[in-house]
Undergrad: 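Would you mind keeping the following structure in view while I ask a few things?
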There are 2 protein chains.
Amino acid sequence: MTKKVTINDIAKAANTSTATVSRVLNNPDYPVKESLRTKVMEAIEQLNYVPNLVGKQLKTNTSNEIGVIIPNISNPYYTLLISGLEYVIRQSEKYILLCNTNGDPELERKYLEYLYQKQVRGMIISSINPDVEYLRFLQKNHVQIVAFEQDLDLDCTKINFDYYRGGFLAAEHLIKRGHRDIGFISAPLSRHSRRKVYEGFQACLNQYGIKEQKEYIKIGSDQQEISGEMFEYQNGKNLASQLLSEKKLPTSIFCINDMTAFGVIQQLQNNGLKIPEDVAVVGFDNIDMCEIVNPSLTTIDQSTFEMGRLAAEALMYSMKNTSAAPTNNLLQPTLIERQSTNG
Amino acid sequence: MTKKVTINDIAKAANTSTATVSRVLNNPDYPVKESLRTKVMEAIEQLNYVPNLVGKQLKTNTSNEIGVIIPNISNPYYTLLISGLEYVIRQSEKYILLCNTNGDPELERKYLEYLYQKQVRGMIISSINPDVEYLRFLQKNHVQIVAFEQDLDLDCTKINFDYYRGGFLAAEHLIKRGHRDIGFISAPLSRHSRRKVYEGFQACLNQYGIKEQKEYIKIGSDQQEISGEMFEYQNGKNLASQLLSEKKLPTSIFCINDMTAFGVIQQLQNNGLKIPEDVAVVGFDNIDMCEIVNPSLTTIDQSTFEMGRLAAEALMYSMKNTSAAPTNNLLQPTLIERQSTNG
DNA sequence: CTGAAAGCGCTAACAG
DNA sequence: CTGTTAGCGCTTTCAG
């Protein structure tokens, strides 16, 4: 068990002052006589000196950590986002302090406080029900905030995805392929993003002079929403069943997300229908499984990784230019065409 | 923009000393006259004082962060692990400093150094090719290490999973259901864990006096191993194809993981075979999708969340009892029986 | 019950 | 080119 060796020990060993050691350590360009410099280096080497970042941080009142707040680390959407953040943050020689709130507002608040106490100066927040008032307090105290996919009443840089346009694109794709009977299957429209998708879908039908047929619109009922993929998948199966019991089927279906689409396809196939020949299907998200399933799934891509990159870059920028005005970024969807609409 | 308020400001405002403020803040039982205590509290409230953890940390030379090193945050296995860790670590009022190495040994080393410089005293390491020598250095310097799923030449607490037994259980399940022609489909046996699974599988056949039939054993060739689910799935499909071209099929197949099993099932079904009637299939991992697919997949569960909990508990223990001997933990697999073998 | 003072490890004027 | 020194914000003896 070695004892902690500090910059003082190095100074003594090299017969110099801590100032010089510090300079050798942090300031390569600072003029230090070569012989002294090497003596310091040798001492560092020999004593196995490792700088204490806590001392440094207290003195310089800076932090090389970025707080990231997300609701659910088990959701691939967020891990992809984190990968995008990391890509940028690592290049800035900074580190991510990851806070997983499990959608618990109290825990989120605790994390926020902790980050602030840790003197973290930049945060990327992608959470539920964020405490705007506390966020304002943070901003007043020199904390830069980037809000990811949130509709906050806060003057900060925001990264959002154009769900409306995503819904529009999906519908347009089907229309351009000749479909006029278009269904929509979704989990409850309790989330803002889902409502936007649906609105975009409706707007597109409207624009092309196609009437939305109520019997083709199946939206899950509120009560049951558990979390996760399982629910989406099951919901897709259930609602597809309901659709099958109608007198007449649409020639195509747009699903609120990929997992729902998988459920829908499964159920239709179980009933002897061919995808895309009998019914074309479009999903939303572009998760990995889309390429894997049979038929592969046409879907809307969010380029979540890119959004992560953008969020991190925006934060880095605002930390360097603390007086720059916050920006509003609306990321655009891309349609990924695959077999499920290629009939 | 407010100026930073410190413990000094509070002391002044309450007409007392920083010592008293610190005591009010950290030591509820310390005898402080009630009137003074409330005066301090009021000052804290009024000035919006937030303690600076960096100062505290420097003074007390403690850290409330736990370093967690994993190779890939996009892999659900690791996020589940992290959830398990969090569950415990949060209860200890500590925080996770998450380091995602992307399987890059250099990056891993950098993270390790950073954590040490940050005075982190406990780390949970689940990585590739860890630098044992540096880990030894850390241990000498009072850092507690728990190694997760690794075969390290290091005297530290280890959490491992009994892959061998998992392979054994899977084979035994098929044998007990009357199968004698049992196939095995896998990605290359380049990883230790995969080899163990295969060995367990072989040992079980052996113990029950069943001959392993080479033509039923399909193991992917080395070169192509990209990362991720896609590969496993494709590999399953490819190898199932090869199997179908043999003169004779096994009545059951054990797959190295669930994604591989999905590929195998897909390919067999595409060729008109019924699962489990014609061929029973067992996977390994118990990912969410197992319940979703049709038929649902019998598999081996690793209870990764539990392993995370255990790892974190072990770490917390060793940090409290720094002289306690490291332990070796071997977690046991569970067979989850579903439709794919229930013919 | 309370306060003065030292000092954790480091950096950055400032003086030489 | 180098060293002295003050002090970041906090806790904790020690003395009263």
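Owing to the predicted nature of the structure, the values given are computational and were not obtained by experimental measurement. Just so it is clear: chains get the letters A, B, ... in the order the sequence lines come, proteins before strands, and each one is counted from 1.
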Undergrad: Using C1' atoms of five pairs at each end, report the bend of the helix from C:dC1-D:dG16 to C:dG16-D:dC1 rounded to 10 degrees.
TA: 40°
Undergrad: Around atom OH of A:Y87, are there more than 12 heavy atoms of other residues, nucleotides or ligands at under 6.0 Å?
TA: no
Undergrad: Minimum heavy-atom separation for A:R136 to A:L154, with atom names?
TA: CG-CD1, 3.5 Å
Undergrad: Heavy atoms of chain A, cut-off under 4.0 Å: which first and last nucleotide of DNA chain C, 5' to 3', fall inside that, if you could look?
TA: C:dG9 to C:dA13
Undergrad: If you count every heavy atom of other residues, nucleotides or ligands that lies below 6.0 Å from A:Y317 atom OH, does the total exceed 12?
TA: no
Undergrad: To the nearest Å, give me how far apart CG (A:N15) and C1' (D:dC1) are.
TA: 16 Å
Undergrad: Say whether B:Y134 and B:E108, considering side chains only, have a donor N or O and an acceptor N or O under 3.5 Å apart.
TA: no
Undergrad: Test A:E93 against B:K110 for salt bridge (charged side-chain N to carboxylate O under 4.0 Å, His left out), laying out the working first.
TA: CA-CA 10 Å; A:E93 296 275 311; B:K110 268 189 68 175; 3.0 Å; yes
Undergrad: Counting only heavy atoms not in B:K12 (residues, nucleotides, ligands), do more than 12 fall under 6.0 Å from its NZ?
TA: no
Undergrad: Verify the neighbour count for atom CE of A:M41: are there more than 12 heavy atoms of other residues, nucleotides or ligands below 6.0 Å?
TA: no
Undergrad: Determine, using ring centers only, whether B:F137 and B:Y116 are less than 6.0 Å apart.
TA: yes
Undergrad: Can you tell me how the ring of A:Y111 sits relative to the ring of B:Y95, calling it parallel under 30°, perpendicular over 60° and tilted otherwise?
TA: perpendicular
Undergrad: For DNA chain C, what residues of residues 36-46 of chain B have any heavy atom nearer than 4.0 Å?
TA: B:L36
Undergrad: Might you point out which heavy atoms bring A:F148 and A:G308 nearest each other, and give the distance in Å?
TA: CE1-N, 4.2 Å
Undergrad: For a quick check, with a 4.0 angstrom heavy-atom cut-off, what is the B/S/- contact string for nucleotides 8-16 of chain D, read 5' to 3'?
TA: BBBBBB---
Undergrad: How would you list, by chain and number, every residue that makes a side chain to side chain donor-acceptor pair (under 3.5 Å) with A:N329, sequence neighbours excluded?
TA: A:T327
Undergrad: Just jot down the side chain to side chain donor-acceptor pair (under 3.5 Å) partners of B:D131, sequence neighbours excluded, or say none.
TA: B:R109
